[in-house]
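Heads up, the thing below is written out as structure tokens.
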Amino acid sequence: FVIGPIGPGEAVEQTFPVSHRGLSEIEFQVRPASSTDPATEIVLRLYLAGEVVREGIPLLTKASATGPIRWTFDPLLETPTGEFNLQVSVSPNAITSVLIPVALNDHLDGTLSTNSIATAGHIDLPLGFKRSLQSLQVPRALLDSPLRAVLLSGPIVLAGISLVATRRKS
């Protein structure tokens, strides 16, 4: 299934929760509405709390339309909790339209809309995400992850074992 055709100046938006620090790539698919369409500029904006935090303008060509588009950007290192909004639009200067494949299995906890009109709740863009962290940022990101309780309990358990072993010797 696809959404479209999405014409010049029109947009598709997908919201999704902020789940981790260091988001640096979003992967999705867009294809020309016709196999004879020329290259088309796609305008990508990533919003957080209504503010644009990243923006990019990749060129959709016949060659790039055969696989996913990988939008890579500087990692979002200080990401607060909340919800991202990914906007995928066709440049207002374009002369062609695009089709955007969708998933029907509600794999994202968010809303998909076309030109500000929400779709059914089970329809989402099939997005892929990547994170990039430098070595000094890894411990901080781990503490922000669901593994936090395990990571923090490890030293406490080790201290308890040491205390019990010390008491048994005396």
What are the two closest heavy atoms between [X] and [Y], and how far apart are they?
{"X": "Leu127", "Y": "Ile26", "answer": "CD2-CG2, 4.1 Å"}
{"X": "Asp109", "Y": "Pro17", "answer": "O-CD, 3.2 Å"}
{"X": "Pro8", "Y": "Pro92", "answer": "CB-O, 3.9 Å"}
{"X": "Ile100", "Y": "Gln29", "answer": "CG2-O, 3.6 Å"}
{"X": "Ala118", "Y": "Thr111", "answer": "CB-CG2, 4.0 Å"}
{"X": "Arg31", "Y": "Pro101", "answer": "NH1-CG, 4.1 Å"}

Spacing of [X] atom [atom1] and [Y] atom [atom2] [to the nearest 0.5 Å]:
{"X": "Leu104", "Y": "His122", "atom1": "CG", "atom2": "NE2", "answer": "5.0 Å"}
{"X": "Ser89", "Y": "Ile42", "atom1": "OG", "atom2": "CD1", "answer": "7.5 Å"}
{"X": "Ile57", "Y": "Glu41", "atom1": "CD1", "atom2": "CD", "answer": "5.5 Å"}
{"X": "Asp74", "Y": "Leu23", "atom1": "CG", "atom2": "CG", "answer": "11.5 Å"}
{"X": "Ser24", "Y": "Arg70", "atom1": "OG", "atom2": "CZ", "answer": "12.5 Å"}
{"X": "Glu10", "Y": "Ser91", "atom1": "CD", "atom2": "OG", "answer": "12.5 Å"}

Pair Phe73-Leu44, side chain to side chain contact (heavy atoms under 4.5 Å, CB included): steps then yes or no: CA-CA 11 Å; Phe73 44 84; Leu44 305 173; over 6 Å; no
How about CD1 on Ile95, more than 12 heavy atoms from neighbouring residues, nucleotides or ligands closer than 6.0 Å, or not?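 Open: at most 12 neighbouring heavy atoms sit under 6.0 Å from CD1 of Ile95.
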Under a single-linkage definition using a 4.5 Å side-chain heavy-atom cutoff for Ile, Leu, Val, Met, Phe, Trp and Tyr, are [X] and [Y] assigned to the same hydrophobic cluster?
{"X": "Leu86", "Y": "Phe129", "result": "yes"}
{"X": "Val30", "Y": "Ile3", "result": "yes"}
{"X": "Leu125", "Y": "Phe1", "result": "yes"}

Just checking, any donor-acceptor pair under 3.5 angstrom between side chains of Thr72 and Glu25?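 Their side chains do contain a donor-acceptor pair, which is all the 3.5 Å distance test asks for.
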Who are the side-chain hydrogen bond (donor to acceptor under 3.5 Å, both in side chains) partners of Arg45, not counting sequence neighbours?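 Expected list: Glu55, Gln87.
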Under the salt bridge (Lys or Arg N to Asp or Glu O under 4.0 Å) test, which residues partner Glu83, sequence neighbours left out?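 So Glu83 forms no salt bridge (Lys or Arg N to Asp or Glu O under 4.0 Å) with any residue.
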Applying side chain to side chain contact (heavy atoms under 4.5 Å, CB included), run through Phe84 and Thr15 and close with a yes or a no. CA-CA 5 Å; Phe84 282 120; Thr15 60; over 6 Å; no
Within the distance-only criterion (no hydrogens, no angle test), does the side chain of Glu51 pair as donor or acceptor with the backbone N or O of Leu48 below 3.5 angstrom?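 No, Glu51 side chain to Leu48 backbone: no donor-acceptor pair under 3.5 Å.
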Check for a donor-acceptor pair, side chain of Asn115 on one end and backbone N or O of Ala11 on the other, with a separation under 3.5 Å.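 Pair found, side chain donor or acceptor close to backbone of Ala11.
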Among Thr96, Thr61, Asn93, find the residue that satisfies the side chain to side chain donor-acceptor pair (under 3.5 Å) test when tested with Thr40.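 Considering Thr96, Thr61, Asn93, a side chain to side chain donor-acceptor pair (under 3.5 Å) with Thr40 is found only for Thr96.
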Between Pro5 and Leu99, is any pair of side-chain heavy atoms under 4.5 Å apart?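 Pro5 reaches Leu99 side chain to side chain.
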Quick check: do Val102 and Leu112 have side-chain heavy atoms less than 4.5 Å from each other?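 Touching, per the 4.5 Å side-chain cut-off.
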Starting from the C-alpha separation in whole Å, work towards a yes-or-no answer on side chain to side chain contact (heavy atoms under 4.5 Å, CB included) for Asn85 and Phe16. CA-CA 7 Å; Asn85 183 7; Phe16 57 94; over 6 Å; no
Check the pair Val88 / Phe28 against side chain to side chain contact (heavy atoms under 4.5 Å, CB included), numbers first and verdict last. CA-CA 10 Å; Val88 180; Phe28 59 97; 4.2 Å; yes
